2 protein chains.
Amino acid sequence: MPNNHFSRGELYSFITGLASTALARRLQKNFKQEGVDITVEQWSVLYHLWKEDGLSQQELCNRSFRDKPSITRLVDNLERQRLVRRVSSRTDRRMNMIHLTEAGRELQVLTITLADRTLNEALEGVSPADIELCKGVLQQVYDNLK
Amino acid sequence: MPNNHFSRGELYSFITGLASTALARRLQKNFKQEGVDITVEQWSVLYHLWKEDGLSQQELCNRSFRDKPSITRLVDNLERQRLVRRVSSRTDRRMNMIHLTEAGRELQVLTITLADRTLNEALEGVSPADIELCKGVLQQVYDNLK
DNA sequence: TCGAATTGGTTGCATAACTAACGATATGCC
DNA sequence: GGCATATCGTTAGTTATGCAACCAATTCGA
């Protein structure tokens with residue numbers, strides 16, 4: 001087994017396990033410190049609803065890169081916390097349109113500020129050009145695999 | 001709420017949710033196709049044992065960037081599949097030294113080949129220099145947060 | 001040397017992920 | 001109209017993660 005396979009293994013964990021979990025963990029911690037009682041996964045769903053309210057669950061799957069069962073449960077939990085409501089579509093009763101509640105809307109400003117701050121901590125010492133390049137690489141990886 | 005907050009949100013999902021899960025998912029799929037019945041998380045633990053057998057659970061925590069309960073359960077599952085064994089240390093009976101079984105050792109060649117192939121799929125069209133740079137950025141992110 | 005603090009590991013609880021299978025509604029074709 | 005097919009969402013089962021609390025063994029300091 002040639003040695004470069006091992007360096008590939010390292011690369012694998014760089015892409016999958018390392019920065020991403022650290023960043024998610026830190027954002028979660030920052031939420032908690034400010035008394036925001038949602039998970040980062042729930043936040044990422046709310047994020048898409050802040051951009052466009054009333055999306056279907058399927059559309060949330062596409063935009064958040066999750067499968068259907070994941071979205072079902074995330075919406076379950078968000079609904080239990082009264083941050084969103086399921087409203088079944090009039091034109092197609094199979095679909096649930098997910099709408100923010102007032103409480104859900106209220107989280108936007110604070111949590112996006114916290115996400116912003118967290119990213120600043122994470123990217124300290126990284127030049128904007130390198131950030132862009134890195135983003136491009138990750139996008140390419142995603143496109144190659146999707 | 002200034003608009004650049006939204007682009008930061010996008011960046012957040014680039015780092016946390018996008019390439020990393022796609023890559024893990026693809027590797028898992030490739031394992032399954034070849035009849036390798038382990039999860040990618042279990043694989044990442046075995047990976048460190050292939051590099052150095054007989055590590056303690058704590059050392060596996062450090063090297064795989066996981067917390068103690070995660071390693072406890074991963075080792076539980078690996079032990080149940082007879083891929084590793086817990087051997088309590090003679091010099092410090094608190095410690096479990098984790099040793100590969102023959103079955104565990106046998107997975108190395110095939111799975112590392114599969115990981116290699118998966119990374120080649122993932123990184124197609126990305127130059128080695130950009131890979132290095134991206135790796136450096138992710139390392140920096142990790143260091144900033146750890 | 002004895003009691004406090006530290007370290008290695010486990011357990012409980014909540015959340016989330018994937019796969020597979022399943023209902024219910026819509027659509028399309030004959 | 002009626003049956004096959006596709007689409008939207010849910011449920012079940014297994015695995016993994018984080019946090020907090022815990023036990024047992026070890027170490028350290030007065």
Side-chain angles (χ1 to χ4, degrees), chain A residues 16-18 20-33 37-46 55-62 64-81 83-84 86-98 145, chain B residues 16-18 20-33 37-46 54-81 83-84 86-98 145:
Chain A
T16 64
L18 221 145
S20 69
T21 57
L23 181 58
R25 203 150 40 201
R26 176 64 62 92
L27 181 57
Q28 184 74 71
K29 191 175 146 196
N30 287 348
F31 279 174
K32 192 169 189 178
Q33 260 178 4
D37 196 26
I38 58 174
T39 66
V40 291
E41 292 84 359
Q42 290 168 6
W43 177 77
S44 77
V45 170
L46 292 176
L55 295 172
S56 71
Q57 295 191 195
Q58 184 58 52
E59 194 50 36
L60 282 173
C61 292
N62 300 339
S64 71
F65 308 103
R66 290 182 166 86
D67 65 356
K68 293 192 293 175
S70 296
I71 290 296
T72 292
R73 313 232 195 239
L74 284 170
V75 172
D76 284 350
N77 288 334
L78 287 168
E79 204 170 28
R80 202 180 316 136
Q81 295 172 266
L83 299 174
V84 304
R86 281 181 170 90
V87 179
S88 85
S89 164
R90 293 204 173 187
T91 59
D92 185 340
R93 285 182 307 166
R94 290 172 304 180
M95 285 201 283
N96 295 334
M97 315 312 280
I98 311 302
L145 297 179
Chain B
T16 64
L18 223 144
S20 70
T21 57
L23 181 57
R25 205 151 35 201
R26 175 63 62 93
L27 181 57
Q28 184 74 71
K29 190 176 146 196
N30 288 348
F31 280 174
K32 193 170 189 178
Q33 260 177 3
D37 195 26
I38 58 174
T39 67
V40 292
E41 292 84 359
Q42 290 168 5
W43 177 77
S44 78
V45 170
L46 291 176
L55 295 171
S56 71
Q57 295 191 195
Q58 184 57 53
E59 194 51 37
L60 283 173
C61 293
N62 299 339
R63 301 197 187 188
S64 71
F65 309 103
R66 290 183 166 85
D67 65 355
K68 293 191 294 174
S70 294
I71 290 296
T72 292
R73 305 205 211 259
L74 283 171
V75 172
D76 284 349
N77 288 335
L78 287 169
E79 204 169 29
R80 202 178 317 135
Q81 297 173 263
L83 298 175
V84 305
R86 280 181 171 90
V87 179
S88 86
S89 163
R90 294 205 173 184
T91 59
D92 185 339
R93 285 181 308 166
R94 289 172 306 181
M95 284 201 284
N96 295 333
M97 316 311 280
I98 310 303
L145 297 178

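Below, chains carry the letters A, B, ... as their sequence lines are ordered, and counting in each starts from 1. Note that these values count all heavy atoms, side chains included, but never hydrogens, waters or copies made by symmetry. On a predicted model such as this, the values are computed, not experimentally measured, just so you know.
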(Q) Minimum heavy-atom separation for B:Val84 and B:Ile98, please, with both atom names. (A) CB-CG2, 3.8 Å
Q) Atom CG of A:Leu78 to atom P of D:dG9: distance rounded to whole Å? A) 15 Å
Q | Donor-acceptor contact below 3.5 Å, side chain B:Gln28 vs main chain B:Leu23 | A | no
**Q.** For B:Arg66, salt bridge (Lys or Arg N to Asp or Glu O under 4.0 Å) partners two or more places apart
**A.** none
Q: Summarise protein proximity over nucleotides 22-28 of chain C in one line of letters, 5' to 3': B for base, S for sugar-phosphate only, - for none, counting protein heavy atoms closer than 4.0 Å.
A: ---BS--
Q | Whole-Å gap separating C1' (C:dT7) and CG (B:Asn96) | A | 13 Å
Q | Under the salt bridge (Lys or Arg N to Asp or Glu O under 4.0 Å) test, residues paired with A:Asp67 that sit two or more places apart | A | none
Q. Can you find a heavy atom in the side chain of B:Glu41 that is under 4.5 Å from one in the side chain of B:Val45?
A. no
Q) If we only count heavy atoms from C-beta on, is the B:Leu83 to B:Asn77 side-chain gap below 4.5 Å? A) no
Q. Once you round it to whole Å, what is the distance between P of D:dC8 and CD of A:Glu59?
A. 10 Å
Q: State, with a plain yes or no, whether a side-chain heavy atom of A:Asn30 is found less than 4.5 Å away from one of A:Gln33.
A: yes
Q: Not counting sequence neighbours, which residues clear salt bridge (Lys or Arg N to Asp or Glu O under 4.0 Å) with B:Asp76? List them please.
A: B:Arg86
Q) Within this structure, what is the CG-to-C1' distance between B:Leu55 and C:dG9, rounded to whole angstrom? A) 16 Å
Q: Could you pick out which residue, A:Lys29 or A:Gln57, lies toward the 5' side of DNA chain D when each is mapped onto its nearest nucleotide?
A: A:Gln57
Q) Does B:Lys32 have any side chain to side chain contact (heavy atoms under 4.5 Å, CB included) partners at least two apart in sequence or in another chain, and if so, which? A) none
Heteroatom pairs (N/O) under 3.5 angstrom, protein to nucleotides 16-18 of chain C:
residue: C:dA16; atom: OP1; partner: A:Thr39; partner atom: OG1; Å: 2.5
residue: C:dA16; atom: OP1; partner: A:Gln42; partner atom: NE2; Å: 3.2
residue: C:dA16; atom: OP2; partner: A:Asn77; partner atom: ND2; Å: 2.4
residue: C:dA17; atom: OP1; partner: A:Arg66; partner atom: NE; Å: 2.5
residue: C:dA17; atom: OP1; partner: A:Arg66; partner atom: NH2; Å: 3.1
residue: C:dC18; atom: OP1; partner: B:Arg25; partner atom: NH1; Å: 2.3
residue: C:dC18; atom: OP2; partner: A:Asp67; partner atom: OD1; Å: 2.9
residue: C:dC18; atom: OP2; partner: A:Asp67; partner atom: OD2; Å: 3.3
residue: C:dC18; atom: OP2; partner: A:Ser70; partner atom: OG; Å: 3.3

(Q) Can you measure B:Gln28 atom CD to C:dT19 atom P for me and round it to whole angstrom units? (A) 8 Å
Q.
Tell me the interatomic distance from A:Phe31, atom CZ, to D:dG18, atom P, rounded to whole angstroms.
A. 17 Å
Q: Figure out the CG/C1' separation between B:Asn62 and C:dG9, and round it to whole Å.
A: 14 Å
Q. Atom CD1 of A:Ile98 to atom P of D:dG9: distance rounded to whole Å?
A. 7 Å
